Amino acid sequence: MKIHEYQAKKLFSSYGIPVEQHILCHNVDEAVSAYEELNMEKVVLKAQVLTGGRGKAGGVKLVKCKADVMNYAASMFQMKINGLPVNKILVSEAVNIDSEFYLSFSIDRKNRSVVMMLSSEGGVEIEEVAKYTPENIYRINIDPFVGMPDYLARRIAFFLFDDMDLVGQIVQILQNLYQLFIENDASLAEINPLVLTKEGNLVAVDAKMTFDDNALYRQEDICFFSEPTEEEEIELQAKAKGFSYVHLTGDIGCMVNGAGLAMATMDLIKLNEGCPANFLDIGGSSNPKKISEAMRILLQDDRLKVILVNIFGGITRCDDVANGLLKAYEEMRADIPIVVRLTGTNEEEGRALLRNSNFLVAETMNEAIRKAVNQSIKAG
Ligand code: GDP
Ligand code: MN
């Protein structure tokens, strides 16, 4: 789960990592009052969107007067960055930059540990530094049983500084950021740039954090930051009902039992030049309630031209599934065609139940997929 810069800065502050003064704004009026409240000549307006490349897209602007705050904030609220609307901006104190550094903690899967990266080249993408001047990146894997004791933080600090005051400042930042990372099950904590101001202070001017979704159950405070998109909202609903659901780009809604069969279904749809709208694995159950819950999740999606139900009956009985489908249909009355393929235990009985219904029944997987793709083309 990603969080916004302003949220990450809140965490930074509570862990004693210095950030510049900033105020979160939801509209132009708030931005203007924030400018007045900060009472500084220069401020930086920063779009809050959960995507990278914000600066390049015009989402970071240094402004010097009230009129400019108004103009730039107005245009920023109109912006879309990588398809995401800008609903919030930060008005922050403009710091006097002497130099910019890069600092991050992330997970190094290969070495099964946290990795710290520190670079004298901040403010640019770390991938660029890694490519052209890798010698400017200091990389060290952190032993989970050792963590970030003083001696280690100091050793790292000397990579950038020999001034003892700055060494002291960055040691604090290294230890606090590591603690924040570990205690909250983060998968990334990145400060780019970590700025040395002309006044001699280190300040986190940007803050990026990502958290491990699988640990969110024990991170209540972090969950509180969640701002799911519409698609993620549907995924969360499906997860709460015990389904695996992945949102995809096409128009064929899929309901399948078993991840392997679901993958094969996606492949065959693609092979037949159709495009799946989702991956929905309803698991082993043929409980009619589950079937109608799955149907309800699919029918929320107005991109769908057709639904394809592909069920392999093992322990799951096809006649149970057919009954579930009929019941779901009674409750919901989909206005798009639904193609059903049932195979395995009690398949004959299952198909017989659907024969005089609104469902389009197919016997083989190929037939079902061709039917579904044809329906999606027809609805074009
Ligand atoms: P990003 O492009 O989304 O990573 O946004 P950042 O918050 O990292 O800002 C991008 C760049 O804008 C920084 O690397 C700085 O060069 C510049 N910048 C950001 N904040 C300030 C500031 O307070 N003062 C000055 N002078 N420049 C800033
Ligand atoms: Mn940045």
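Counting starts at 1 for both ligands and their atoms, following the listed order. In this text the structure is predicted, and so the values were computed from the model without any measurement.
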Asks: Taking 4.0 Å as the limit for heavy-atom contacts, which would you say applies to Val60 with ligand 1: side chain only, backbone only, both, or neither?
Replies: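 The side chain, only.
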Asks: If you define the side chain from C-beta out and look only at heavy atoms, does anything of Ile170 sit under 4.5 Å from Leu202?
Replies: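 In short, these two side chains touch, coming nearer than 4.5 Å.
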Asks: Students often mix this up, so state it plainly: with edges at 30° and 60°, are the rings of Phe181 and Phe105 parallel, tilted or perpendicular?
Replies: tilted
Asks: Quick check: does Asn192 get an N/O under 3.5 Å from an N/O on ligand 1?
Replies: yes
Asks: So which heavy atom in the protein is nearest atom 5 (O) of ligand 1, and how far is it from that ligand atom?
Replies: Arg54 NH2, 3.1 Å
Asks: At what distance is the nearest protein heavy atom to atom 6 (P) of ligand 1, and which residue and atom is it?
Replies: Asp206 OD2, 3.5 Å
Asks: Which atoms of ligand 1 have any heavy atom of Val205 under 4.0 Å away?
Replies: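 Per the distance check, 19 (C), 20 (N).
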Asks: Using a cut-off of 6.0 Å, state whether more than 12 heavy atoms not belonging to Phe77 lie near its atom CZ.
Replies: yes
Asks: Contact between ligand 1 and Glu20 is defined here as a heavy atom of the residue under 4.0 Å from a ligand atom; is it met?
Replies: no
Asks: Can you tell me if CG on Asn111 sees more than 12 non-hydrogen neighbours from other groups inside 6.0 Å?
Replies: yes
Asks: Among all protein non-hydrogen atoms, which one is nearest to atom 21 (C) of ligand 1, and what is the separation to 0.1 Å?
Replies: Val44 CG2, 3.7 Å
Asks: Which of the atoms of ligand 1 are close to Gly123, meaning less than 4.0 Å from one of its heavy atoms?
Replies: 14 (O)
Asks: Please determine if Arg341 and Glu363 form a salt bridge, counting it only when a charged side-chain N lies under 4.0 Å from a carboxylate O.
Replies: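 No salt bridge links Arg341 with Glu363.
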Asks: With the threshold set at 4.0 Å, does a side-chain nitrogen-carboxylate oxygen contact exist between Arg296 and Glu331?
Replies: yes
Asks: Could you tell me the residue and atom name of the protein heavy atom closest to atom 24 (N) of ligand 1, and the distance to it rounded to 0.1 Å?
Replies: Val95 O, 3.0 Å
Asks: Under 4.0 Å from any heavy atom of Glu93, which atoms of ligand 1 are there?
Replies: 23 (O)
Asks: Polar contacts were defined as any N/O atom of the residue lying under 3.5 Å from an N/O atom of the ligand; does this apply to Gly55 and ligand 1?
Replies: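 Yes; the residue has a nitrogen or oxygen that sits under 3.5 Å from a nitrogen or oxygen of the ligand.
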Asks: Salt bridge check, Lys56 against Glu125: does any charged N sit closer than 4.0 Å to a carboxylate O?
Replies: yes
Asks: So, are Arg54 and Asp206 salt-bridged, with charged N and O less than 4.0 Å apart?
Replies: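 Between Asp206 and Arg54 there is a salt bridge, with a charged N closer than 4.0 Å to a carboxylate O.
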Asks: Would you call Arg139 and Asp108 a salt bridge, using N to O less than 4.0 angstrom?
Replies: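 Counted as a salt bridge, because a side-chain N and a carboxylate O are separated by less than 4.0 Å.
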Asks: Less than 2.8 Å away from the Mn ion (ligand 2), how many protein N/O/S atoms can be counted, ignoring water?
Replies: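 Atoms of protein N, O or S type lying less than 2.8 Å from the Mn ion (ligand 2) total 2.
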Asks: Can you find an N/O atom of Lys46 closer than 3.5 Å to an N/O atom of ligand 1?
Replies: yes
Asks: Write out the residue and atom name of the closest protein heavy atom to atom 16 (O) of ligand 1, then the distance separating them to 0.1 Å.
Replies: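 The answer is Glu100 OE2, 3.1 Å.
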Asks: If we ignore angles and hydrogens, is there a donor and acceptor under 3.5 Å between the side chains of Glu121 and Thr133?
Replies: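 Yes.
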Asks: Ring centroid separation for Tyr6 and Phe12, is it under 6.0 angstrom?
Replies: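 No, they do not, as the ring centres are separated by 6.0 Å or more.
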Asks: Find out whether Val115 and Ile142 are in side-chain contact, i.e. whether some heavy atom of one side chain is under 4.5 Å from a heavy atom of the other.
Replies: no
Asks: With nothing but distance in play, are any N or O atoms of Ile97 less than 3.5 Å from an N or O of ligand 1?
Replies: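 No, there is no polar N/O contact under 3.5 Å.
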Asks: Cut-off 3.5 Å, side chains only: do His247 and Glu235 have a donor facing an acceptor?
Replies: no
Asks: Is any heavy atom of the protein nearer than 4.0 Å to atom 19 (C) of ligand 1?
Replies: yes
Asks: Counting only heavy atoms closer than 4.0 Å, does ligand 1 sit against the backbone of Lys42, its side chain, both, or neither?
Replies: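 For Lys42, there is no contact with ligand 1 at all, from either part.
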Asks: With a 4.0 Å cut-off on N to O distance, would you call Lys10 and Glu5 a salt bridge?
Replies: no
